[in-house]
Amino acid sequence: MALIPEKSRQRIEKYITGIVAHQNSKLYAIYANPEHVHFLVSRSPHISEEELLEIVAGSTERFINSNKLVSGKFAWQQSASAFSVSKSDVDRVCKYILNQPEHHKKTTFEEEYQKFIEYYQTGNNNQ
């Protein structure tokens with residue numbers, strides 16, 4: 001279900017960028033799809049993936065709702081996924097994130113998510 005309207009996408013992305021920077025982490029790429037967000041972060045060693053995601057989710061929920069960036073009350077789902085990326089893959093992952101509009105013309109979010117889970121659970125890195 002599309003929740004994030006295109007007209008609000010960049011504002012939400014900028015807000016998340018600021019949250020990440022405030023946590024002494026570096027955001028390399030972000031794209032807010034209508035129903036999910038991808039971002040690549042080099043996080044500070046002083047914060048865990050889970051803590052960073054909780055801060056981003058909680059802050060953006062409040063920001064989106066207080067600025068009425070979506071119709072109705074906005075809330076993220078209760079789960080998220082984080083994957084480690086080698087330095088050699090940073091450029092490739094950034095391109096993937098920034099190419100989300102084209103990518104999702106061919107692959108749904110559900111299909112994409114299932115591929116990620118299979119890829120990381122099996123260790124089959126032949127993609």
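Scope of the values below: all heavy atoms of this structure, side chains included, with no hydrogens, waters or symmetry mates.
Trp76 is connected to Leu52 through a chain of hydrophobic side-chain contacts under 4.5 Å among Ile, Leu, Val, Met, Phe, Trp and Tyr, so both are in one cluster. Cluster membership check: Leu27 shares its hydrophobic cluster with Ile55, using side-chain heavy-atom separations under 4.5 Å among Ile, Leu, Val, Met, Phe, Trp and Tyr.
Contact annotation: the side chain of Pro5 never approaches that of Leu69 to less than 4.5 Å [non-hydrogen atoms, C-beta and beyond]. In this structure, Phe74 and Leu3 have side chains that are in contact, with non-hydrogen atoms separated by less than 4.5 Å.
Each ring pair (Phe, Tyr, Trp, His ring centres under 6.0 Å) pair with one or both residues in residues 11-30, not counting sequence neighbours, appears once here: Tyr15-Phe63.
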Walk me through whether Leu40 and Cys94 qualify under side-chain contact (heavy atoms from CB on, under 4.5 Å). CA-CA 7 Å; Leu40 178 61; Cys94 286; 3.8 Å; yes
Go through the steps for Gln23 and Arg43 under the test side-chain contact (heavy atoms from CB on, under 4.5 Å), then give the verdict. CA-CA 8 Å; Gln23 298 303 316; Arg43 68 173 171 76; over 6 Å; no
Val56 vs Val37, test: side-chain contact (heavy atoms from CB on, under 4.5 Å). Steps then yes/no. CA-CA 11 Å; Val56 168; Val37 175; over 6 Å; no
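Here the closest heavy-atom approach between residue Asn24 and residue Ser44 is recorded as O-CB, 3.2 Å. Between Asn67 and Arg11, the closest heavy-atom pair is OD1-NH2, 3.0 Å. Here the shortest heavy-atom pairing between Val41 and Ser25 reads CG1-CB, 3.9 Å.
Checked by atom type and distance alone, the side chain of Asn99 never pairs as donor or acceptor with a backbone atom of Lys95 at under 3.5 Å.
Once rounded to the nearest 0.5 Å, the distance linking CD1 of Ile4 with CG of Asn33 reads 8.0 Å. Separating the NZ atom in Lys14 from the CD1 atom in Ile19 is a distance of 14.5 Å, to the nearest 0.5 Å. Once rounded to the nearest 0.5 Å, the distance linking NZ of Lys68 with NZ of Lys73 reads 11.0 Å. The OG atom of Ser81 sits 10.0 Å away from atom NE2 of His38, with the distance rounded to the nearest 0.5 Å. Taken from CD in Gln10 to CD in Glu13, the straight-line distance is 6.5 Å, to the nearest 0.5 Å. Atoms CD and CD, on Glu54 and Glu49 in that order, are 12.0 Å from each other to the nearest 0.5 Å.
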